[in-house]
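The chain is numbered in sequence order, starting from 1.
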Amino acid sequence: MSVRIGSFELKSRVYVPPMAGVTDIVFRNIVRQVDPNCLLSTEMVSSRGLMYRKECHIMDLAPDEHPIGIQIFGHEPDVMAQAAQMAEARGADFVDINMGCPVPKITKGKDGCALMREPELAREIISTIKSAINIPVTVKFRLGWDDSSRNAVEFGEMVEAAGASLVTVHGRTRAQLYSGKADWSFIAKVKKALSIPVFGNGDVFEAEDAARLLEVTGCDGVAVARGTLGNPWLIPRITRFLDDGIMTEAPDDIDRITVAFKHCLGLVQYKGLRIGTSESRRHMTHYTKGISGGAVFRNRLTQISSVEDAMNILADLAEHVQGPSGRQRFLLAVENAYLEYCKHPGKGAGDRKDSIKTPVDVHAVAPVAVP
Ligand SMILES: Cc1cc2nc3c(=O)[nH]c(=O)nc-3n(C[C@H](O)[C@H](O)[C@H](O)COP(=O)(O)O)c2cc1C
């Protein structure tokens with residue numbers, strides 16, 4: 001069964017939802033290379049911040065990444081509507097409103113999940129945005145503020161009535177942050193109550209998890225966030241498993257190491273040396289997790305200060321995994337990566353002074369515990 005957001009039809013039931021500090025143009029390019037159809041989103045963008053810094057690179061989209069949404073957060077209906085217009089002008093296929101972020105820095109200003117306690121204001125935000133743009137509006141929220149106020153069903157009904165075309169529901173409350181388990185049975189209640197498509201979200205780390213989430217919730221699609229860290233291949237594996245029941249092979253260690261390098265190279269080219277190397281340390285740790293005997297190399301990766309550092313450590317790791325032929329295979333892929341990145345149209349901000357920062361303190365948001 002196909003899923004529609006407004007008038008456009010999705011070719012995939014899998015969504016990589018917004019992750020601050022992760023779903024930037026470089027990460028999305030890597031996901032797109034392995035899965036042409038999944039739904040993508042930018043990191044969240046501050047609507048208020050956009051009023052002062054209109055060029056906002058977080059909203060940069062590459063031509064080959066559609067379908068993609070831009071996620072905005074804030075609580076002032078007019079400001080949110082202006083931000084949504086800017087997102088539309090940047091070429092987004094839809095605007096997603098963040099009503100689920102649990103981080104105190106965001107919620108204390110009535111943004112993110114705080115809006116689940118202000119359904120009237122949330123309704124006004126959605127309908128104001130809806131009448132300001134021509135592309136669909138989607139909303140991402142949680143089960144509620146805390147266990148004593150799980151209002152996701154009523155909230156979802158309000159969101160639908162206000163004009164949203166799709167919702168993504170993370171099966172935790174704000175109070176849980178990322179602890180405990182996502183409650184898929186509660187997501188099922190939201191799905192049952194709504195007519196618009198519902199994407200279920202929370203704790204999908206394997207293709208089988210995605211199938212089970214869809215079975216338990218009856219949702220139209222699945223949003224997979226932390227499971228993609230260092231593992232973009234999870235998305236095509238889920239797609240294939242859902243479509244054909246086939247579990248495709250996981251990439252081998254040298255492929256993982258190669259993509260770790262490409263990610264680092266892309267980040268440094270796009271965000272500049274300081275931010276690029278700093279952000280890529282975390283990503284490379286994820287890519288190389290699970291490689292036998294890899295801990296010592298991962299430790300070295302956390303200290304890199306250049307792309308060359310990353311290349312040398314990853315070459316050592318490739319040799320550790322597969323001997324001299326592993327090193328050679330990796331170094332060949334490095335050469336190709338340089339050629340590829342030099343050509344890519346969405347890249348090339350290089351060492352600019354206004355290096356791109358993610359919208360919030362990534363370490364505050366990042367519950368990056370992947371089992
Ligand atoms: C590092 C990180 C950053 C996140 N940033 C955002 C964000 O900007 N907007 C948002 O709606 N959700 C954000 N989330 C929440 C995820 O989109 C998702 O709802 C949550 O991680 C649960 O899904 P998962 O179990 O598949 O990871 C973030 C999650 C992580 C781990």
Side-chain angles (χ1 to χ4, degrees), residues 1-10 12-18 39-42 44-45 47 67-88 92-101 110-145 150-171 174 186-202 217-223 225:
M1 198 188 66
S2 68
V3 185
R4 307 186 80 85
I5 304 188
S7 62
F8 79 88
E9 192 173 320
L10 299 181
S12 169
R13 285 183 286 166
V14 191
Y15 176 27
V16 183
L39 199 56
L40 290 173
S41 172
T42 63
M44 62 180 173
V45 180
S47 56
I68 181 162
I70 291 181
Q71 189 190 57
I72 57 174
F73 72 92
H75 65 275
E76 300 153 289
D78 291 341
V79 173
M80 289 287 273
Q82 282 182 60
Q85 285 171 335
M86 292 162 78
E88 181 175 28
D93 297 302
F94 61 97
V95 170
D96 188 55
I97 310 176
N98 182 327
M99 299 197 178
C101 184
K110 279 199 193 171
D111 301 343
C113 200
L115 287 165
M116 292 197 76
R117 297 211 285 189
E118 307 259 359
E120 193 39 46
L121 176 58
R123 190 199 58 72
E124 196 188 335
I125 289 170
I126 299 165
S127 56
T128 309
I129 291 179
K130 177 86 184 145
S131 51
I133 59 176
N134 297 308
I135 53 175
V137 177
T138 64
V139 181
K140 184 162 177 286
F141 55 92
R142 289 188 169 227
L143 300 187
W145 183 257
R150 287 185 169 211
N151 61 342
V153 174
E154 307 85 290
F155 194 81
E157 286 169 341
M158 174 283 291
V159 165
E160 175 169 334
S165 298
L166 177 145
V167 295
T168 306
V169 185
H170 178 190
R174 193 231 56 118
F186 209 93
I187 299 176
K189 294 184 189 177
V190 182
K191 165 62 194 162
K192 210 164 162 210
L194 304 195
S195 316
I196 54 173
V198 177
F199 272 50
N201 173 230
T217 62
C219 276
D220 304 275
V222 56

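In this structure, D93 and I5 have side chains that are not in contact, with every pair of non-hydrogen atoms separated by 4.5 Å or more. Taking the side chain as every heavy atom from C-beta outward, Y15 and D96 approach each other to under 4.5 Å. Side-chain contact check for F141 versus V169: some heavy-atom pair is nearer than 4.5 Å. The shortest side-chain heavy-atom distance between I72 and M44 does not fall under the 4.5 Å cut-off. Residues F94 and S165 have side chains not in contact (no heavy-atom distance under 4.5 Å, counting atoms from C-beta outward). Residues L166 and D220 fail the side-chain proximity criterion, which asks for heavy atoms closer than 4.5 Å. Residues L121 and P77 have side chains in contact (heavy-atom distance under 4.5 Å, counting atoms from C-beta outward).
A132 and Q85 get closest at one heavy-atom pair: O-NE2, 3.3 Å. Closest heavy-atom contact between V222 and F199: N-CD2, 3.6 Å. Residues G218 and K191 come closest through the heavy atom pair O-CE, 3.2 Å. Nearest heavy atoms, A152 versus R142: CB-O, 3.6 Å. Of all heavy-atom pairs spanning I187 and C219, the tightest one is CG2-SG, 3.7 Å. Between F8 and P136 the shortest heavy-atom distance is CE2-CG, 4.3 Å.
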- Message: Between N201 and K140, does the side chain to side chain contact (heavy atoms under 4.5 Å, CB included) criterion hold? Intermediate values first, please.
- Response: CA-CA 10 Å; N201 173 230; K140 184 162 177 286; 4.1 Å; yes
- Query: Between I70 and V95, is a side chain to side chain contact (heavy atoms under 4.5 Å, CB included) present by the stated rule, with each step listed?
  - Reply: CA-CA 5 Å; I70 291 181; V95 170; 5.5 Å; no
- Item | Derivation of the side chain to side chain contact (heavy atoms under 4.5 Å, CB included) call for V3 and E9 | CA-CA 6 Å; V3 185; E9 192 173 320; over 6 Å; no
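Taking CD1 of I68 as the start and OG1 of T42 as the end, the distance is 6.5 Å to the nearest 0.5 Å. Here L115 contributes atom CG and R174 contributes atom CZ; the two are 13.5 Å apart, rounded to the nearest 0.5 Å. Going from atom CD1 of I129 over to atom CD of Q82 covers 11.0 Å, rounded to the nearest 0.5 Å. Distance NZ/K189 to OG1/T217: 13.5 Å, rounded to 0.5 Å. Interatomic distance, CZ of F73 versus CE of M80, reported as 9.0 Å (0.5 Å rounding). Atom CE of M158 and atom OG of S127 lie 9.5 Å apart (nearest 0.5 Å).
Partner I97 forms a side chain to side chain contact (heavy atoms under 4.5 Å, CB included) with one of V139, T138, V167 and no other, that one being V139.
For the side-chain hydrogen bond (donor to acceptor under 3.5 Å, both in side chains) test, no residue two or more places apart in sequence or in another chain qualifies with E124.
Proximity of a side-chain donor or acceptor of D111 to a complementary backbone N or O of H75 within less than 3.5 Å is detected. With N151 contributing its side chain and M116 its backbone, the two residues share a donor-acceptor pair below 3.5 Å. The backbone N or O of N134 sits less than 3.5 Å from a side-chain atom of E88, completing a donor-acceptor pair.
Side chains of S47 and E76: a donor-acceptor N/O pair is absent below 3.5 angstrom, by distance only.
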